[in-house]
Structures are given as structure tokens and as C-alpha cells.
Amino acid sequence: MHLEKGEKHKGFREKLVYRCCLFSSRENIELKVYLVMKLAKTYDPNLYEPNIYAMWEQSNAFDPTGKGEPFSIVMPPPNANGNLHIGHALTVTLEDAMARYYRMKGRDVIYIPGADHAGFETWVVYDKVLTSKGVNRFDFSREQLYSQVWNFVDQQRGNMELQLRALGVSASWKNLVFTLDEKVIKTVYSTFKQLLDDGLIYRGERIVNYSTKYQTSYSDIEVDHKKEKGTLWHIAYPSSDRISEIVVATTRPETMFGDTAVAVHPDDARYKDLIGTNVFLPLTDRIIPIIADDTVDPTFGTGAVKITPAHDPNDFEMGKRHNLDRIQVIDFNGTMINVPPQLIGLSVDEARKLTLSLLQTQELLRGETAIEHSVGYDYKSGLPIQPLIKDQWFIKIQPLAQRAKQALIDGEINFTPESRKRVLIQYLDNLHDWNISRQIPWGIPIPAFQNVDQPDDWIFDERVDEKTIVIDGKTYKREEDTFDTWFSSGQWPFITTDALDGGPLSRFYPNSVMETGSDLLDRWVARMIMLGLYRTDKVPFKHVYLHGMVLDEKGQKMSKSKGNVINPIETIASHGSDALRLGIIANRSAGQNQAFSTNRVIAGRNFCNKLWNIARFTESKVGDNFKSTDPQPSTMADHWIVRQLMTALADIEQKVESYRFAEASETMYHAIWDDAADWYVEASKSQDNPAMLAWVLDTSLKMAHPFAPFVTETIWQALPWHEGLLITTSWPAKVDYDEIAAAEFARLAQLITEIRFVVTELPGNSRYGLLYGADSLIADNAQLIQRLARLKSVDFTDQPRGLRLAVSGREAWLDISAETLREHQANLEIRLAETYSQIDNLEKRLSNTAYVEKAPVALVEESRTQLEQCQTLVKRLTSELEVIK
RNA sequence: GGGUCCUUAGCUCAUUUGGCUAGAGCGCCACAUUGACGUUGUGGAGGUGAAAGGUUCGAAUCCUUUAGGACCCACCA
């Protein structure tokens, strides 16, 4: 069994590699779709997608045209050495649909792709490589590590970009930006310099979130806070006169060796007299003071709290207020230092146990209580985060945050979903200074140097490859830290468009839309807005569209451990890229975490096949020598399909432009399947207007192209009457139609539907003939009706017999026997009853004077019309029943 | 503690400023069919919109409360 599974997997890999080779091939893209289309009944995406993509790319179809109003989207850069997951598929499907739509609408479109060095993420991967080789980062210099990781990433690179191609993104590859490209680094340095000059960056000792596993600090957003049950230990600190004691409560007894005070609330009657006295720090020979501070909560624990400025952010602040010493007792690798000899070198956990047992021995433990508190964990390793003091670079964030907030309040950026804007404003208000230093080598070095003789003297200098530099006889030592990745990616919109130096792409700044996952609202979107405004005085984008997480079909989060991960590339290999795109865009609204099922993908695949077959039929009807002309609707069906497609187009435009992608694709789907295929193609079997048929196909292809680019372009290329590319053709133009003729066809369709319904309801399954009286609509379309309603015959009669068709109100009878007729009676009676109840409702509504007076006139008018129609129907049904009786 | 969101058909979800009989896909039932398509066609069943109350001529939609669920932020000795 396992073998089989493995082999299947292997087969898939080979297929994938093959496809990726095709995507990257630059030769032999001559397409032989045309001949194949005549033969193959089903559309096989694997045969065409790679070549179609290569064709687009070689034709420069993804490049901006320089004509029309600019429209720009910058892709959130996927990890350069990673693989795409289903979330990327959603992102790029939405982005690409917009890019393709606006391109066809004549806008000057750019979709800028990117690749992320993914600083910390990649570093974690590489760190494992080092570990597996039995070495560690401290065996190498920053330069050595940087170039090692660079080579490592370089080997893996390209895969992600091929996968984006497989998804069909119409991105401007020539303008791809890697987050470690020179222009990125240059801009990041200049932003740093400007912040420094403006006094918005400072270096200082602060308590940072420290990962002892990866030996780097984190920003607040990289810490996972988990609520958990813990223990609050009560520990007695004997007073210096050995007469009394004060009992403190703590969850972290091992940090007591770093205590430099005990704090109580100034008004706490229990301890008032003790303020200013000293206590012995147990297990040591140190004496520490009891101090008073407002921030102590007298109702928590014992009301007395040990103060450890080196290992707790609040204690750190209190320590500053009271001039307390900071004694570091946990090292940067997570082991104990500056503690009694038997504890030195222990891990935090071991130290806690030993400390407690030592206190126990000395009878200083005064009890313990269970509490629920939240503990910060390293989001990557899952180990606890240690709050430690470190010299770090910080951005004074509030000036930037408030400016961003004002821009949001002023409505300079719109959000889908709208409510996220308020969430963001709240976030900006609560934002603390941003630690931008990271102690990992894979990233952009912080361009700062420290005077070796004067530690407070820091200067900006870009010569980061030099370990020391000499300026005016003073020696400066470089900063070894690198920037937080979000500091550089927060500048992404203006870097990728060269907005600062006004290059040719700067017309695309601010970006039209920023589309990304709602989980990135604070960590990325907020930072782009702040830094964008700071550097360019403009918001970086005009609209933010946030999508939710893609869950598995049961609504569970996808994860490797659960084994429910859907690999988009695998889905493409089995159902095609378009099918995946159609499947993932359907049934999905902004901001919601929503389930994704392959059912939808299958539906998408079926739709592609539908298009394929409409094309096959059209081509066979239209012939090889057809020359495309302006559509000339002549028959009722022609006018009707023009009306349907025009209505659908307008609807799609409105929906895409208001970011309602699922609804837009649904409209497109139904216009093509229900109207074009089910009615118009069927109707055209009884009429001859090849130019119209070709126009219907062309319009359908254009309409579907933003959502299903590959199959539409494949067909377009196969049709002998097209020369250029569908991707660069224009969105369908308005075509006039005759509303009356269109409405006539709709009535005909109604009649046909009624016949189908009645026939299905009739006992037996034989075909019936249709008799009609003085009804020119039926007379003129006898053949069409016969075919579509599957009738034996359609004949004129002046002697009606059989079953009168009541609903559509035509002079028409189904030629059935009296016996069958009687069996049908019951159906009619049900329908009559339903109509009566509808009339009842309408009458109630219309007799309500408040409704008639206050509701819009059109609505009231509509109700009246409906009532009339129902009353007519009742008459007909009644008379029909009389005939039967 | 502060905030956001969700609860609609068997399943997954739509339904934009309140307004026609609340719609799709899949699933289900019945029937059909040999040349565009079985990855098909035709017809159908299935919803007191989480619960209760309110505003309104009219509520899935707005307000209040309750229940259940997801998430974000802050603090936690």
C-alpha cells in the first residue's frame, strides 16, 4: 500500500517537473489546438496551459502598455525558496483576475511580482541545515553566513516563480523585485537615515522578547500569547532585623536572584510601615529594599511583588523609576548566571525546580495558588520567550501611527471588508515602539557604527561590509544586527514602483489595490501605510482587500500535522489551473475564513469543458473560412442573447469593481452556461446566423478570461478568425439589441419550459405533439419549439384538443388523450391553490394603505402588475380545469 | 478588560445602502438522450434565515438581549 502511494506521488512529481519545464521553455510554442479541438471531446488543460503561458510571456502581454489610466497591484512577495500554498493561490487568483479585467478595460496595468528573502523564516530553515551538519552559527562570521544562505536560497529559487506561472499570473516578470535587491537595500538605508535624522529612531536598553533558541529578539507580533494554568508561589523574604517577613507572590521563582526590591502599594495598610525597610533575599546574602509604587495591585497575590528589572518589562520600568540595579540571571542562551553556584548553568525549568526545593528546605515557601495567566511563546520554536534586556534599535512609532490613523480617518484608503479599518485604527492607537533589530545574519544589515571610545556615539554609515571604519581618527565598530523583515517589506509599494526617484514605474504609486491576507493587517498593512506616508507623503495604496484563511472542507485550519493540506500545484496537475481558480474564487467573501473543497474545483473544470464544447460547436457551425464581423442580431434569439450578455457584462463590471469577485464569477458562469450554452447554442441549431454565434463565443471568452485565462486563450488561439491574443484584447463593446424581440424570445423560453414541466409531470414518458391556434410566435418558431421541448410535432389546429398550456398564456395544447388529461388534473389544482395564496398575499399588501403610500411607486406598481398576472393565470387554470372535467 | 466577525437548504457559502417567490455549487430524487459537451440535458424536492423581543408599510439585513462558535489587541507578580 505504502509503495503504491509513494509511486503515485512520484508520478505526480514528474508531471509537475515536466509542467514546470514547459513553463520555463522558451521555444516551440506553436499551438496545434485547432486540430485537436475538432477531435477531443473534453478539454485537457495539461496539453495547453504551459504553452499558452509561454506565449503570453514571450509576447510581452504582461507589460504595462503606457496607455490609459494606470492600474497597479503589487504582489505580496512569496518566500523565494518556498512552495506556494493554497493561500497564495487565492491571493494571486484575485489579483490576477483584477489585472486581467482592467487590462481588457484598457487600463495601463502592472502587476508587480516579488520574492521575499523571508529573513527569519528562511534563517530558521537554514539553522536546521547547520545543526544537521553539526555546526552552529557562531562558528561563522556574518558575511560567511550571509553568503551561505544566499547560495542555499539561490539553489531553491525559481520553484515558487514557476508555480506562480502555473497559476497563470499575468505578472510583469521583468519588474520582479527580490527583497534583497540592491534597490531595496538602498531605499531601506535611506529610510533608516531619515528616521534617524528626524529623531524617530533611538537605540536603547529595553526588555525585549528574546528567543533563546534562535538567539534573536522578536517584535511583539512574533510572540504567541497563550493562556495557561500556572502556579503562584508565595515566598517569604525575612526582614533585615530577622523579626518579621514579607511574603511575595510570583510565578517565576527562579528569577528571584535578580530581585533588587520588593514593591507594595503605597496605601496598602498591611505593608505601610514596612516601606523603606529592608529584607534579605533568600538563598543569598543580599539585602533589598521594600519600595512603594502605584502600579502594584494590592488585591493580586499577597499584594507584595518582587522586582526583577532585568527580566520583566513592568519591573524594568519600575526599576527605572526607583533607580534599581538590573541583575541578569538568565543568559541569552537560556541558562542561569549570577546565581548561587549549584544553580549556575541550569536551564530555566531546572532552576525553577531547584529554587523551589531550596526554599522548601529553608521553610520559606508559604503556599501556592493556581492561576491562569498568559505566557509568551516563540511562534517558531514553541519555547517560552524570555524577556531580557538588550540594546536594540527602536522606532518611535506613535508619530507615524497617528499620521496613518489620520489618513484612515480622512478616507484616503478604503477597505474591503470595511470594518477592518476600525480594527486598524484601534491597533495604531495602541502601538508601542517598534524593535527593528534582529540578531540573525540573513537580512539587511543595520547601517550603523559605534564609536569604540564613546559608546553613546553612533553614526550612520553604509559601509556595512567593514567591521570597523575610521572617521576623523575615531574608530567605529559596526552594528552586527540586521533589520526586522517587516521594516523593509513595509516599504514595498514605493520600492517596487521606484516612487522615490520618480522612475517610469512611479506612475503606479500609490498602488490601486493591496490584496493580502487579513492576518497581515497589523504586521504588514499598517507598516506599509506608516512608512509609505513617512517617505512619500502619500498613502501607499488606495484600496485594501483582505481575504480570509482558506480552510479545509470541514472548516478546519489546514496544517501538515493534520494531513489536510491541499497543494495548489497538485490540484492544477489534476484539474487544471482554471479549475482551481474558478473553484477557489467561488463562494468566498472578503475577510472570512472559509472552507475550500475540491467539489468547487470539479465544477470549475466542468465549466472549462463547457466552454470548450461551445467552441467546438461554434467552430463546426461557423466553418474554417469565417471572417469576424460586427454582430448583427436578426432573430429573436439573437436579440435575446445580446441582451443577456450585455446585462451580464454590466453586472460583472460592477461586481469586479466593487471587489465582489465570487459574485462576478457566478454571473459569468451562469451567463455562459445557462444562457449561451443551454439556450442560444440550442436555438442556433434551428437557425443560421454564424456571425452571431461567433460573437456569442467571443464575448463569452472575454467575459470568462479574468477568471479562467488558460482555457479561454486556448480556444481563442484555436479559432481561425482570431489573430492576436485574448489577454490583450478589449473587454466586449456595447451591442444594440431590440428589447421587444428579446422579450419575445423570453416568452418562447417560458412556453418551452412549461411544456417540459408539464410533460415531465405527465404519466408515462412518451413524446407528445403540440397543437397551436392563431399564435404567430409559435408558428414562426415551430421547429425551435419542437427541438427544445422535445416534441413529436408542432402543428396548427383550429379544433383545439388535449391539454391547454395555461401558464404562458398561449393558444397551445398538448395533444394528449383524455385519460392522461384526467391524471394531470391534480397537478393543475395544486397550482391553482398556490396562485390563490399568492393573490391573497398581494391583495393584503395592496390593501395596506401605509404600503401604498410609503413604498416606492415602482414597487407598488409591480405588485399591481403581479396581481393582475396572477388573476389572469387563475382564469386560465380554471378554464383549463373545466375543459378537463 | 477592549475590539472584530460568524450562526441561512444535507454540506460549503452567497444575498452591497431594509423591498419581487432568500440564491449558487456539490449532494439528493425522477426522467431523458446516439454527432458541442455524461466533465451532458430536462424537471423537481429541500430553508418558520441560531433564539427572543423591538423599530418599520415592509427585517436574513437595523437595534436590544440570550445561546453557541472563530479571531485580534492589551494586561496578568
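Proteins come first, then strands; the chains are lettered A, B, ... in the order of their sequence lines, and each starts at number 1. FYI, side chains are in, hydrogens and waters are out, and symmetry mates aren't considered; it's all heavy atoms of this structure. All figures in this text were calculated on a predicted structure; none of them were measured in a lab.
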Under 4.0 Å from OP1 or OP2 of [N]: is there any side-chain N or O of [X] that close?
X	N	value
A/K610	B/G41	yes
A/K685	B/A36	yes
A/N606	B/U40	yes
A/S589	B/A14	yes

| field | Aromatic ring proximity A/Y669/A/F607, centre distance under 6.0 Å | value |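 Yes, the ring of A/Y669 comes within the 6.0 Å limit of the ring of A/F607, centre to centre.
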Side chain of [X] only, please: which of [options] is the nearest?
X	options	result
A/H670	B/U42, B/A24, B/A14	B/A24
A/F757	B/U39, B/G23, B/G44	B/G44
A/A595	B/C13, B/U16, B/A36	B/C13
A/S419	B/U42, B/A36, B/C5	B/C5
A/R600	B/U12, B/U39, B/G43	B/U12
A/H432	B/G25, B/C37, B/C75	B/C75
A/R790	B/C72, B/C37, B/A32	B/A32
A/Y851	B/U42, B/G19, B/U4	B/G19
A/N613	B/C5, B/G43, B/C37	B/C37
A/Q592	B/U40, B/C13, B/C5	B/C5

| Contact class for A/A263 (heavy atom, under 4.0 Å): base, sugar-phosphate, or nothing? | nothing
[N] pairs with, by Watson-Crick or G-U criteria that keep both distances under 3.5 Å:
N	result
B/C5	B/G69
B/U40	B/A32
B/G19	B/C57
B/C26	B/G10

| request: Determine the Euclidean distance between corresponding P atoms of B/A30 and B/G46; express it in Å to zero decimal places. | output: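 Approximately 16 Å lies between the P atom of B/G46 and that of B/A30.
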| message | Parallel, tilted or perpendicular: which one describes the rings of A/Y545 and A/F661, with boundaries at 30° and 60°? | response | perpendicular
| query | Looking at CG of A/L356 and CD of A/E254, how far apart are the two atoms once the value is rounded to the nearest 0.5 Å? | reply |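 So the gap between those two atoms works out to 8.0 Å.
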| query | Taking the nucleotide of RNA chain B with the closest heavy atom to each, which residue, A/Y669 or A/S620, is nearer the 5' end? | reply |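 In this pair, the answer is A/Y669.
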| query | Nearest nucleotide by nearest heavy atom, which residue falls closer to the 5' end of RNA chain B, A/W673 or A/T295? | reply |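 Of the two residues, A/W673 wins.
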